[in-house]
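Working notes, beginning with the structure itself.
Hydrogens, waters and symmetry mates play no part in the numbers below; they use all other heavy atoms, side chains included. Just so it is clear: chains get the letters A, B, ... in the order the sequence lines come, proteins before strands, and each one is counted from 1. The structure presented is a predicted model; accordingly, all values stated were derived computationally and were not measured.
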Protein chains: 2
Amino acid sequence: MRLSTEFRDLCRRHKLSATHQRQVIFETLQSLHSHPSPEVLYERVRREIPSISLATVYKNLKTFVEAGMLREVSLHHGTLRVDSNPHPHHHLVCASCKAIMDLDAASLAPIRLKSKLPKGFQVQRFSVDIIGLCRRCSRTRRGTVSSS
Amino acid sequence: MRLSTEFRDLCRRHKLSATHQRQVIFETLQSLHSHPSPEVLYERVRREIPSISLATVYKNLKTFVEAGMLREVSLHHGTLRVDSNPHPHHHLVCASCKAIMDLDAASLAPIRLKSKLPKGFQVQRFSVDIIGLCRRCSRTRRGTVSSS
DNA sequence: CTAGATGCAAACAGTTTGCGTCACT
DNA sequence: AGTGACGCAAACTGTTTGCATCTAG
């Protein structure tokens, strides 16, 4: 079903079977330069494939992330996290167990803008996440959710 | 009920009434140097106040955030966002409408560590969010969810 | 032909809300 | 004394899962 060779190749490289739904989901995502919620993406994709189901969108987003074709913008969607540390600081985030540790702002060279931002955007603050594996997770299976 | 003067003052400054539950929630959060999920925080707080309800924890987290005593770690908990942009880049995040825009990595001075990270942490990548108000939101009610 | 993808509906997890009672100011 | 906080249970929203059918390879 009219799948582009580009998308076929991309899927082959990532060891996924190429389906029409996947191509439309992936390409819609790329064409949008924002990072829409699954719901919004679903509405967009529905214009192309009216019969697609929301579950398929979710399943494929997960598949793409696992295959490395997409990355999650925030590792903490799904649960509220708050910060009571009033000092300027950054976060160390474990990609595996999702733990968040504070890192003093002085540990990083100051963030400096080198070019103009899009017109009208008013900066409030910078937030830096250093993403990786915490000691515990890097000792066990790398990149997988730890068992204990 | 045995509330510390410190906490009383903190609440007064933020125009909140000081309750035992609030003090325990807030101080538990501060004593933990991680950023636990509401569920985990609830379990901790329950050791002090066995009768507290999870709803109270949620209500107060929200109250504290609104009062400015806490800040949300991620503005996108509650909805999955993915990134299909393979080029190194940062994100402009609108604190009001939650829109995410890409910003080329070259727009920011390179992130450099000035000190050692906690032992055993393996860095995978840096993720920088520039948080503020997008053009649209900064034109309308500042900091509030836009109506249209 | 077979493994895996899809669509649907039902199940889940995290969060919010309504309401009667209780506590702070 | 009155406003607002608490605790409970029910409602919601976003996401996942089970299963029957269909499709890519």
Side-chain angles (χ1 to χ4, degrees), chain A residues 1-5 7-26 35-43 45-46 48-67 69 72-82 98 145, chain B residues 1-5 7-26 35-43 45-46 48-67 69 72-82 98 145:
Chain A
M1 200 189 258
R2 64 195 168 299
L3 290 171
S4 70
T5 4
F7 189 71
R8 288 204 116 81
D9 288 352
L10 181 63
C11 285
R12 196 168 302 133
R13 265 183 273 127
H14 291 274
K15 304 187 206 297
L16 294 183
S17 43
T19 68
H20 184 213
Q21 293 64 350
R22 283 187 179 161
Q23 170 163 349
V24 175
I25 292 171
F26 193 78
H35 301 272
S37 64
E39 195 67 43
V40 169
L41 176 60
Y42 168 61
E43 287 307 331
V45 168
R46 224 132 82 101
E48 290 275 317
I49 314 177
S51 62
I52 199 172
S53 85
L54 180 55
T56 297
V57 172
Y58 273 104
K59 282 170 185 165
N60 281 315
L61 288 178
K62 196 179 179 198
T63 302
F64 290 148
V65 168
E66 285 166 0
M69 285 166 64
E72 300 180 59
V73 170
S74 158
L75 297 175
H76 293 101
H77 65 272
T79 168
L80 172 66
R81 303 300 185 103
V82 296
K98 318 296 194 227
V145 174
Chain B
M1 202 190 257
R2 67 196 168 299
L3 289 172
S4 72
T5 6
F7 188 72
R8 288 205 117 81
D9 287 352
L10 181 62
C11 284
R12 195 167 305 132
R13 265 182 274 127
H14 290 274
K15 305 188 207 297
L16 294 183
S17 42
T19 69
H20 184 213
Q21 292 67 349
R22 283 186 179 162
Q23 172 164 346
V24 175
I25 292 171
F26 193 79
H35 301 273
S37 65
E39 195 68 44
V40 169
L41 176 61
Y42 169 61
E43 287 307 330
V45 168
R46 224 133 81 100
E48 291 274 318
I49 314 176
S51 63
I52 200 172
S53 86
L54 181 55
T56 298
V57 172
Y58 273 104
K59 282 171 186 166
N60 282 314
L61 288 178
K62 195 178 179 198
T63 302
F64 290 147
V65 168
E66 285 167 0
M69 286 166 66
E72 299 180 61
V73 170
S74 159
L75 296 174
H76 292 101
H77 65 272
T79 168
L80 171 66
R81 302 301 184 102
V82 296
K98 317 298 193 227
V145 174

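Atom OH of A/Tyr42 is separated from atom C1' of D/dT13 by 15 Å (rounded to the nearest Å). Whole-Å rounding puts the A/Phe64 CZ to C/dT6 C1' distance at 13 Å. Rounding to whole angstrom units, CD1 of residue B/Ile49 and P of D/dC8 are separated by 12 Å. Computed from coordinates, the A/Arg22 CZ to C/dG4 P distance equals 11 Å when rounded to whole Å. Put simply, CG on B/Leu3 is 7 Å from P on C/dT25, counting in whole angstrom units. Atom pair A/Glu66:CD and C/dG4:C1' shows a separation of 14 Å (rounding to whole Å applied). In this structure, B/Gln23 atom CD and C/dA23 atom P are separated by 17 Å, rounded to whole Å. Taking atom NE2 of B/His20 as the reference point, atom P of C/dC22 lies 19 Å away to the nearest angstrom.
The side chain of B/Gln21 places an N or O atom within less than 4.0 Å of a non-bridging phosphate oxygen (OP1 or OP2) of D/dG7. Regarding contacts with the backbone of C/dG7, a side-chain N or O of A/Ser51 is found under 4.0 angstrom from either OP1 or OP2. The phosphate of C/dT25 (OP1 or OP2) has a side-chain N or O of B/Arg8 nearer than 4.0 angstrom. Distances shorter than 4.0 Å separate none of the side-chain N or O atoms of A/Thr19 from OP1 or OP2 on C/dA5.
Within the nucleic acid shown, A/Thr79 comes within 4.0 Å of sugar-phosphate atoms alone, with no base atom in reach, counting heavy atoms only.
A/Leu41 places none of its side-chain heavy atoms less than 4.5 Å from the side chain of B/Val82.
The side chain to side chain donor-acceptor pair (under 3.5 Å) search around B/Ser53 returns B/Thr56, not counting sequence neighbours. Residues meeting the salt bridge (charged side-chain N to carboxylate O under 4.0 Å, His left out) test with A/Glu43, sequence neighbours left out: A/Arg46. The salt bridge (charged side-chain N to carboxylate O under 4.0 Å, His left out) check on B/Arg12 picks up B/Asp9, with sequence neighbours excluded. Considering only residues two or more places apart in sequence or on other chains, B/His77 meets the side chain to side chain donor-acceptor pair (under 3.5 Å) condition with B/Glu72. With sequence neighbours left out, the ring-ring contact (aromatic ring centres under 6.0 Å, His included) criterion links A/Tyr42 to no other residue.
With D/dC6, D/dG25, C/dT25 as the choices, the nucleotide that has an atom nearest any side-chain atom of B/Ser17 turns out to be C/dT25.
Both B/Ile52 and B/Gly78 lie close to DNA chain D; mapped to their nearest nucleotides by heavy-atom distance, the more 5′-ward contact belongs to B/Ile52. Between A/Ser53 and B/Pro38, the residue whose closest nucleotide on DNA chain C is further toward the 5' end is A/Ser53.
Of the possible polar contacts, none joining the B/Arg81 side chain to the A/Val73 backbone as a donor-acceptor pair under 3.5 Å is found.
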Grab the N/O contacts between the protein and nucleotides 16-22 of chain D below 3.5 Å, and write none if there aren't any.
residue, atom, partner, partner atom, Å
D/dG18, O6, A/Lys59, NZ, 3.1

